[in-house]
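By convention here, the first residue in the shown sequence is residue 1. The figures here come from the full heavy-atom set of this structure, side chains too, leaving out hydrogens, waters and symmetry mates. Just so you know, ligand 1 is whichever comes first in the structure, and atom 1 is the first atom listed for that ligand.
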Amino acid sequence: MKNILQKLLSKSRKAIQDFNLIQDGDKIAVGLSGGKDSMALLHILKSYQRFSPEKFELIAICLQMGGVDNSSLHELCKELDVELHEIPTDIKEVVFDIRKEKNPCSLCAKMRRGALNDHAVRLGCNKVALGHHKDDALETLLMSMFYEGRVSSFSPKSYLDRTGITVIRPMIYVEEYMIIKAAEEMNFKIVKNPCPADGNTKRQYIKELIVRMQDEMPDFKKNIFIALNNPEQAFLWDKEKISKVK
Ligand SMILES: Nc1ncnc2c1ncn2[C@@H]1O[C@H](COP(=O)(O)OP(=O)(O)OP(=O)(O)O)[C@@H](O)[C@H]1O
């Protein structure tokens, strides 16, 4: 196994254990978008499956966003011996042509999540694994504070009542630069993102802001991540509690 994959695997394994992400008998659908993150995730989970104490099944689901050539994903899944389901969708038409969304990213993400979970259920899965990593978590935390006035990020594991699916994010401890390195060293055949808003989003702005802050404060990312993992130390102004202080 490539050295870089081993490193990704060891970080993901720690997250799997810390948050109890995988159980015996799980059938997990990896959301395979064609980007580097979910490709890395598929490699990681396939390797983890070989020695994992929990026995679980793995499949991949790719939502076709319209006219995308996903042949490299079929090759990858064949190579890794993972069943791939490519599902046609009308998400692109709905978001851009019918709804003509000004802020397309949140509707698109919501529709992709819904479609992915529904198809996972249809294919007998109880879990969906997404390729979010540590930098995504930090960006989401800052975005929710700066744009929505909330202190929150996505969870490593969440149960969805509507479908009965548990969403897991095994790469939550993996930094993006390691995935980029893996993509280069392992020669990932990335599918070109068809999204017209690609790279021109609030997330991209926050990503660049984090790079600048990190340049000025060497512990910036490290400390935000510690804060995210430190619920006991969270102190938010709770009017009711504070007004009762003597
Ligand atoms: N078209 C799709 N088909 C299947 N799964 C998807 C699709 N788009 C997104 N996902 C899943 O949702 C996760 C988060 O989506 P997002 O658009 O934020 O991707 P990303 O951070 O650019 O990751 P990637 O590099 O895997 O595309 C992806 O890592 C993947 O697991």
Side-chain angles (χ1 to χ4, degrees), residues 8 12 15 21 28-46 58-70 72-74 76-77 82-95 103-123 125 127-141 143-144 153-158 160 165-172 174-184 186 188-204 206-207:
L8 297 186
S12 303
L21 299 185
I28 304 174
V30 173
L32 195 60
S33 66
K36 66 181 188 331
D37 302 334
S38 47
M39 280 195 193
L41 177 63
L42 190 68
H43 279 282
I44 290 169
L45 288 181
K46 187 65 198 178
L58 200 59
I59 65 162
I61 298 178
C62 168
L63 303 170
Q64 169 58 260
M65 302 299 285
V68 184
D69 175 8
N70 285 316
S72 67
L73 300 184
H74 287 273
L76 172 67
C77 287
V82 173
E83 194 179 293
L84 170 63
H85 298 262
E86 185 172 349
I87 316 278
T89 74
D90 58 0
I91 296 174
K92 196 170 154 211
E93 287 74 28
V94 172
V95 173
N103 298 311
C105 298
S106 70
L107 178 64
C108 179
K110 205 170 156 198
M111 289 185 71
R112 274 182 294 159
R113 275 199 301 272
L116 195 54
N117 296 335
D118 288 346
H119 285 285
V121 171
R122 194 177 55 77
L123 293 163
C125 299
K127 286 191 177 152
V128 164
L130 300 179
H132 291 115
H133 48 69
K134 187 169 175 176
D135 292 86
D136 286 327
L138 299 183
E139 288 157 18
T140 304
L141 176 65
M143 282 172 72
S144 74
S153 189
F154 50 74
S155 170
K157 175 163 86 167
S158 36
L160 309 174
I165 284 280
T166 301
V167 175
I168 58 171
R169 296 175 165 99
M171 296 201 302
I172 211 77
V174 177
E175 280 162 278
E176 187 171 21
Y177 83 89
M178 290 178 74
I179 299 176
I180 294 173
K181 200 159 176 255
E184 281 166 9
M186 295 169 68
F188 286 2
K189 300 210 170 45
I190 289 168
V191 177
K192 202 183 151 359
N193 190 338
C195 172
D198 188 29
N200 184 21
T201 57
K202 283 180 183 165
R203 182 171 293 276
Q204 187 59 30
I206 293 291
K207 202 183 251 301

| said: Yes or no, since that's all I need: does a protein heavy atom fall within a distance strictly under 4.0 Å of atom 25 (O) of ligand 1? | reply: yes
| message | Is it the case that ligand 1 has an N or O less than 3.5 angstrom from some N or O of L63? | response | yes
| Looking only at N/O atoms, are G131 and ligand 1 under 3.5 Å apart anywhere? | yes
Against [X], only a single residue in [options] fulfils side chain to side chain contact (heavy atoms under 4.5 Å, CB included); can you say which?
{"X": "L130", "options": "V30, V167, D136", "result": "V167"}
{"X": "M65", "options": "C195, C108, S33", "result": "C108"}
{"X": "M111", "options": "L116, V95, T89, L63", "result": "V95"}

Protein heavy atom at shortest distance from [atom]:
{"atom": "atom 4 (C) of ligand 1", "result": "I61 O, 3.3 Å"}
{"atom": "atom 14 (C) of ligand 1", "result": "H132 NE2, 3.3 Å"}
{"atom": "atom 12 (O) of ligand 1", "result": "L130 CD2, 3.6 Å"}
{"atom": "atom 23 (O) of ligand 1", "result": "D37 OD2, 3.2 Å"}
{"atom": "atom 6 (C) of ligand 1", "result": "S33 CB, 3.7 Å"}
{"atom": "atom 9 (C) of ligand 1", "result": "R112 NH1, 3.2 Å"}

| Just heavy atoms, cut-off under 4.0 Å: does V30 contact ligand 1 by side chain, backbone, both, or neither? | neither
| query | Heavy atom under 4.0 Å from ligand 1: found in L32's side chain, backbone, both, or neither? | reply | backbone
| note | Within 4.0 Å of some non-hydrogen atom of K36, the atoms of ligand 1 are 25 (O)
| Which atoms of ligand 1 have any heavy atom of G31 under 4.0 Å away? | 4 (C), 5 (N), 11 (C), 30 (C), 31 (O)
| message | Given 3.5 Å as the limit, does a donor-acceptor pair link the side chain of K189 with the main chain of L76, or not? | response | no
| said: Using a 3.5 Å distance criterion without hydrogens, assess whether the side chain of E176 forms a donor-acceptor pair with backbone atoms of I180. | reply: no
State, to 0.1 Å, how close [X] and [Y] come at their nearest heavy-atom pair, and which atoms those are.
{"X": "G31", "Y": "S38", "result": "O-CB, 3.1 Å"}
{"X": "L58", "Y": "K46", "result": "CD2-N, 3.7 Å"}
{"X": "G35", "Y": "I190", "result": "CA-CG2, 4.4 Å"}

| request: Could you tell me whether the side chain of T140 reaches within less than 4.5 Å of the side chain of R203, counting heavy atoms only? | output: yes
